[in-house]
Amino acid sequence: MKRVVVVVFCSVALLLSSTARADELPPSAFVEGVIGHPQDHNLSCESRSAADIAAFWGVGCAEDDFFRQLPKSDNPNRGFVGDVDLPPGSMPPVGYGVYVGPVAATLRSFGLNARAWRGWSLDDLKVELAAGRPAIVWATYDMRLSEVQAWTSFDGATSSIVQWQHTFIAVGYDAEGLYLVDAYDGVTKHFTYEQFTPAWEQLDKIAVTVHGPALAPGGRVWKAKIIGNQRQFVVDGRWVAGPE
């Protein structure tokens, strides 16, 4: 099978079309230029993936700097849950991680045009990769299939949680599966669709995409700021928003 390789760097990736359709996808694609690094803390996979995808787009961001910017909460949809140095597999409220909304919002605070997604499809993910844009995806360590549980946080919201939840950067696909940069060790690995899809589905197929710096006309500039005891985001220096 002939393999189509998409090679991009920051300046080139900004010129790629964002209107690719699923029925026009090449049989395979691979985004060059994403450099993975091992996460610095047991539960910092989201910050590691975010720092590496930011670097792809030319934004210098250390893992610990990103983690400090992340909102903190006992609700993973509002901020990072628990102690980042607890053992892998820890569960709320003592230690866990964070979902797409706060990660996308924090990437925007670093000047990137980031968006959170839920209920995505493989074709949605492939469209991004074929256009030369890597994406952060949430699954589990080694694609383990743990029992999905319900967690009710102090704000009364109920979230789906799963032991060993973990992030990867999707950088390519072929007929058999996906190429993912594992935040645990920074290595690019190949997982079959049969391995990846059930693990991705456990948390409703969530992902974060980045479409370059948010500096184009009409783009928003997000800056993190402590207001009261909570981290909020000041948008364009004029109004305040929480992570979405």
Side-chain angles (χ1 to χ4, degrees), residues 6 8 10 13-22 25 29 31 33-34 45-59 61 66-67 69-71 73 75-80 97-139 159-160 165-173 178 180-181 183 200-201 203-224 231-236 239-244:
V6 181
V8 300
C10 294
L14 291 172
L15 302 177
L16 293 173
S17 170
S18 61
T19 59
R21 296 182 351 190
L25 288 172
V31 183
V34 177
C45 59
E46 303 94 352
S47 294
R48 181 69 265 162
S49 293
D52 288 341
I53 207 169
F56 171 83
W57 290 103
V59 174
C61 169
F66 189 90
F67 182 77
Q69 290 279 71
L70 268 177
S73 173
N75 179 345
N77 291 299
R78 297 187 63 84
F80 187 90
V98 62
Y99 291 159
V100 289
V103 170
T106 304
L107 282 167
R108 290 194 292 268
S109 78
F110 281 91
L112 289 166
N113 181 10
R115 182 172 178 182
W117 299 91
R118 289 183 178 276
W120 240 25
S121 69
L122 281 172
D123 279 346
D124 293 327
L125 180 55
K126 289 179 179 180
V127 166
E128 289 296 298
L129 298 174
R133 296 185 294 263
I136 305 174
V137 292
W138 272 249
S159 305
S160 295
Q165 76 89 12
H166 192 50
T167 59
F168 305 80
I169 301 177
V171 293
Y173 67 88
L178 293 168
L180 307 176
V181 179
W200 192 33
E201 288 175 340
L203 294 174
D204 193 26
K205 295 181 287 186
I206 57 179
V208 166
T209 57
V210 177
H211 284 206
L215 301 177
R220 300 292 189 190
V221 177
W222 294 62
K223 297 290 185 181
R231 187 179 298 279
Q232 301 290 329
F233 294 92
V234 179
V235 184
D236 293 345
W239 48 280
V240 176
E244 298 176 353

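Owing to the predicted nature of the structure, the values given are computational and were not obtained by experimental measurement.
- Although no hydrogens or angles enter the test, the distance criterion places a donor-acceptor pair under 3.5 Å between the side chain of Trp200 and the main chain of Ile206.
- Just one residue in the list Ile136, Thr167, Thr106 forms a side-chain contact (heavy atoms from CB on, under 4.5 Å) with Glu46, and that residue is Thr167.
- Between the CG atom of Leu70 and the OG atom of Ser47 there is a distance of 4.5 Å, given to the nearest 0.5 Å.
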Exercise. Show your working on side-chain contact (heavy atoms from CB on, under 4.5 Å) between Val100 and Arg118 and close with a plain yes or no.
Key: CA-CA 8 Å; Val100 289; Arg118 289 183 178 276; 4.2 Å; yes
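- The two atoms that bring Arg48 and Ala183 nearest to each other are CG-O, 3.8 Å, heavy atoms only.
- Nearest heavy-atom pair, Leu125 versus Ala170, reported as atom, atom and distance to 0.1 Å: CD1-CB, 3.9 Å.
- With contacts defined as side-chain heavy-atom distances shorter than 4.5 Å, the pair Leu107/Phe66 qualifies.
- The aromatic rings of Phe67 and Phe80 lie perpendicular to each other, with more than 60° between the two planes, well past the 30° mark.
- Closest of all the heavy-atom pairs between Arg108 and Ala114 is NH1-O, 2.9 Å.
- For the pair Thr209 (side chain) and Ala135 (backbone), a donor-acceptor distance under 3.5 Å is absent.
- The two residues Ala29 and Ala130 have their closest heavy-atom pair at CB-CA, 4.0 Å.
- Here the side chains of Trp57 and Arg133 are in contact, with some heavy-atom distance below 4.5 Å.
- Heavy atoms only, all atoms of each residue included: Pro76 and Gly97 are closest at CB-O, 4.2 Å.
- Here the side chains of Leu122 and Leu178 are in contact, with some heavy-atom distance below 4.5 Å.
- Separating the NE2 atom in His166 from the CG atom in Leu203 is a distance of 13.0 Å, to the nearest 0.5 Å.
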Self-check item: Steps toward side-chain contact (heavy atoms from CB on, under 4.5 Å) verdict (Glu128, Trp120)
Solution: CA-CA 12 Å; Glu128 289 296 298; Trp120 240 25; 3.5 Å; yes
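- Taking 4.5 Å as the limit, every side-chain heavy atom of Val137 sits out of range of all side-chain heavy atoms of Ser49.
- Proximity of Ser159 to Asn75: side-chain heavy atoms (C-beta onward) are separated by under 4.5 Å at one or more points.
- Tyr173 has its side chain within reach of Leu25: a pair of non-hydrogen atoms, C-beta onward, lies under 4.5 Å apart.
- Across Leu129 and Pro134, no two heavy atoms sit closer than the pair CD2-CA, 4.1 Å.
- Looking only at side-chain heavy atoms (C-beta outward), Lys205 and Trp117 stay at 4.5 Å or farther from each other.
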